[in-house]
Each structure stands twice: as C-alpha cells, then as structure tokens.
*Asks:* 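Dropping the structure in here first, questions after.
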Amino acid sequence: MRIILFGPPGAGKGTQAKRLSERYNIPHISTGDIFREHLRKKTELGRKIEEYVKSGKLVPDEIVIEIVKERLSRDDVKRGFILDGFPRTVRQAEALDEILAKLNMPLTAVIELKVPEEEAIKRILIRARLEGRFDDKLCTMKRRFKEYEEKSKPVLDYYRRKGLLVEIDGAKSIEEVFESIIKALEGVKR
Ligand code: AMP
C-alpha cells in the first residue's frame, strides 16, 4: 500500500495517516512532522526552514524533495508508506514520480480529504488549544490556506489525470472517514 493523503490544513490528514499506518503496518511519513522535529532540535535544516514553517509558507521544493528522497530510500518503506503533507506542489509531485519510478514502487492511490474551509478552520482552532502548534495562529492559518489554494490544488488535477485520485468526504467523524478510506482502498487494484 503506497498512499498519499491530500487535503487542506485541518482536513484530518495526520489523524487518518496515523490510523492507516497502524492498520496496514506501514510507516507514516509527514514532512510537517519532520520539519517540526528539526525546529525542535534546532538543526541546520531547522534554521533554514524556520521562517517558512512559522509564517505558514511552503518550504522551497528542493529542500522538501531532498528530505523525502532520503526518507524513501530507507528499508522500512519497502512494505509501503503513507505520505502526509507531501507532495504539495506539482513540482514535488513530478519529483516523487521520478523517485518512485527508480525504486520501482508505483503509487496505490492519492486520497483527497474533502473538507469545507469553515470546518477545517474549526478543527485547526481546536488543535491549537489541544496541541499548541505554533503555526495554528489565525494569520499563519490564512497563509496556509492561501498556499493550499494557489500551489497545492493543482496537484489534484495532476493525479486525477493519472487515474489515482480518490475523493473522500472528510467532514464526517474520524471513524466514518477512516472506514470510507479503507473501503475505497479495498476497491483499488494493487
Ligand atoms: P503540515 O504539518 O503538513 O501542515 O506542515 C506544516 C508546515 O511545514 C507547512 O505549513 C509548510 O511550511 C511546511 N511543509 C510541510 N510539508 C511541506 C511540503 N510538502 N512542501 C512545502 N512545505 C511543507
């Protein structure tokens, strides 16, 4: 199972990715988590990406692609993987295609979690209270939505054309969304 979870901030990608990772026993790869870890540890990469992540801007493609390339070169992805928050631009999607072609690991499906913006904002505000994520502030959030609209949405067409896109109603409960994803994946040929 090689899956991409796609959707706006607050769509529930992280939540569903964790569950899918347990269900299929495959690694959950979140570029956002990787970046936050670098910020926490104050690494050199952390310093490079700090301004972007803190202001809600996308980190430059070259940096993100390098990180994912390294992560996908490890042995544990041979069983499959769930990508959460990557790719977020068409250039990243093209780079991913190249990386996966070399590894002979074609994608199983790209799951789009469809959530209306008001619902997504509500969820982010709840997360801000629960987890205290520094990029869940209102101005940063607006920026993240803008980035999504402008740079990430075109990725949907990219995968739709390839016949990989599966649309899921992400506005339901965590359990219901999870069941819809499992059902959809069972219908996808591997
Ligand atoms: P996330 O946890 O996926 O919402 O990501 C948090 C932040 O990390 C984003 O707002 C971006 O600044 C950065 N980031 C994560 N993934 C990517 C990506 N694929 N491309 C560019 N920036 C990213």
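Indexing begins at 1, ligand by ligand and atom by atom, following the structure's order. What's counted below: heavy atoms across the whole structure, side chains too, no hydrogens, waters or symmetry copies.
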*Asks:* For D76, is there an ion pair with R71 - N to carboxylate O distance below 4.0 angstrom?
*Replies:* yes
*Asks:* Judged on heavy-atom distance to atom 23 (C) of ligand 1, which of F86, F35, Y52 sits nearest?
*Replies:* F35
*Asks:* Would you check whether K13 reaches within less than 4.0 Å of ligand 1, judged by its heavy atoms?
*Replies:* no
*Asks:* Quick test: of every protein heavy atom, which one is nearest to atom 16 (N) of ligand 1, and how far off is it to 0.1 Å?
*Replies:* T31 OG1, 2.7 Å
*Asks:* Decide yes or no on salt bridge (charged side-chain N to carboxylate O under 4.0 Å, His left out) for R133 and E131, but give the supporting numbers first.
*Replies:* CA-CA 5 Å; R133 239 178 81 166; E131 298 176 16; 5.5 Å; no
*Asks:* Could you walk me through whether K183 and E179 pass salt bridge (charged side-chain N to carboxylate O under 4.0 Å, His left out), step by step?
*Replies:* CA-CA 6 Å; K183 226 191 214 158; E179 289 307 322; over 6 Å; no
*Asks:* By number and element, which atoms of ligand 1 are closer than 4.0 Å to a non-hydrogen atom of R133?
*Replies:* 1 (P), 2 (O), 4 (O), 6 (C)
*Asks:* Salt bridge or not for E62 and K69, using N-O below 4.0 Å?
*Replies:* no
*Asks:* Do any nitrogen or oxygen atoms of L58 come within less than 3.5 Å of a nitrogen or oxygen of ligand 1?
*Replies:* no
*Asks:* Numbering the atoms of ligand 1 from 1, which are under 4.0 Å from a heavy atom of D135?
*Replies:* 6 (C)
*Asks:* Could you check atom 20 (N) of ligand 1 against the protein and tell me its nearest heavy-atom contact, residue, atom and distance included?
*Replies:* Q92 NE2, 2.9 Å
*Asks:* Applying salt bridge (charged side-chain N to carboxylate O under 4.0 Å, His left out), run through R40 and E37 and close with a yes or a no.
*Replies:* CA-CA 5 Å; R40 202 176 55 78; E37 184 70 5; 3.0 Å; yes
*Asks:* Where is the nearest protein heavy atom to atom 12 (O) of ligand 1: which residue, which atom, and how far?
*Replies:* K57 O, 2.6 Å
*Asks:* Report yes if some heavy atom in the side chain of I29 is under 4.5 Å from a heavy atom in the side chain of V77; otherwise report no.
*Replies:* yes
*Asks:* Which is closest to atom 5 (O) of ligand 1 in terms of heavy atoms, G56, S55, P87, G32?
*Replies:* G32
*Asks:* Are any of the N/O atoms on V59, whether in the backbone or the side chain, positioned under 3.5 angstrom from an N/O atom of ligand 1?
*Replies:* yes
*Asks:* Can you sort out which atoms of ligand 1 are near R36, meaning under 4.0 Å from one of its heavy atoms?
*Replies:* 2 (O), 6 (C)
*Asks:* Counting each atom of ligand 1 from 1 as listed, which ones have a heavy atom of V64 under 4.0 Å away?
*Replies:* 18 (C), 19 (N), 20 (N), 21 (C)
*Asks:* According to a hydrophobic-cluster definition based on side-chain heavy atoms being under 4.5 Å apart (Ile, Leu, Val, Met, Phe, Trp, Tyr only), do I111 and I174 belong together?
*Replies:* no
*Asks:* Can you tell me the protein heavy atom closest to atom 7 (C) of ligand 1 and the distance?
*Replies:* V53 CG1, 4.1 Å
*Asks:* Name the closest protein heavy atom to atom 10 (O) of ligand 1, giving the residue it belongs to and the distance to 0.1 Å.
*Replies:* R144 CG, 3.8 Å
*Asks:* Salt-bridged, R129 to D136, with N to O below 4.0 Å?
*Replies:* no
*Asks:* Taking 4.0 Å as the limit for heavy-atom contacts, which would you say applies to I49 with ligand 1: side chain only, backbone only, both, or neither?
*Replies:* neither
*Asks:* Considering only NZ, NE, NH1 and NH2 on the basic side and carboxylate oxygens on the acidic side, decide whether K122 and E118 come within less than 4.0 Å.
*Replies:* no
*Asks:* Which option out of M141, E51, R88 puts a heavy atom nearest to atom 4 (O) of ligand 1?
*Replies:* R88
*Asks:* Both conditions, 6.0 Å and 45 degrees, for the charged tip of K153 above the ring of Y148: are they met here?
*Replies:* no
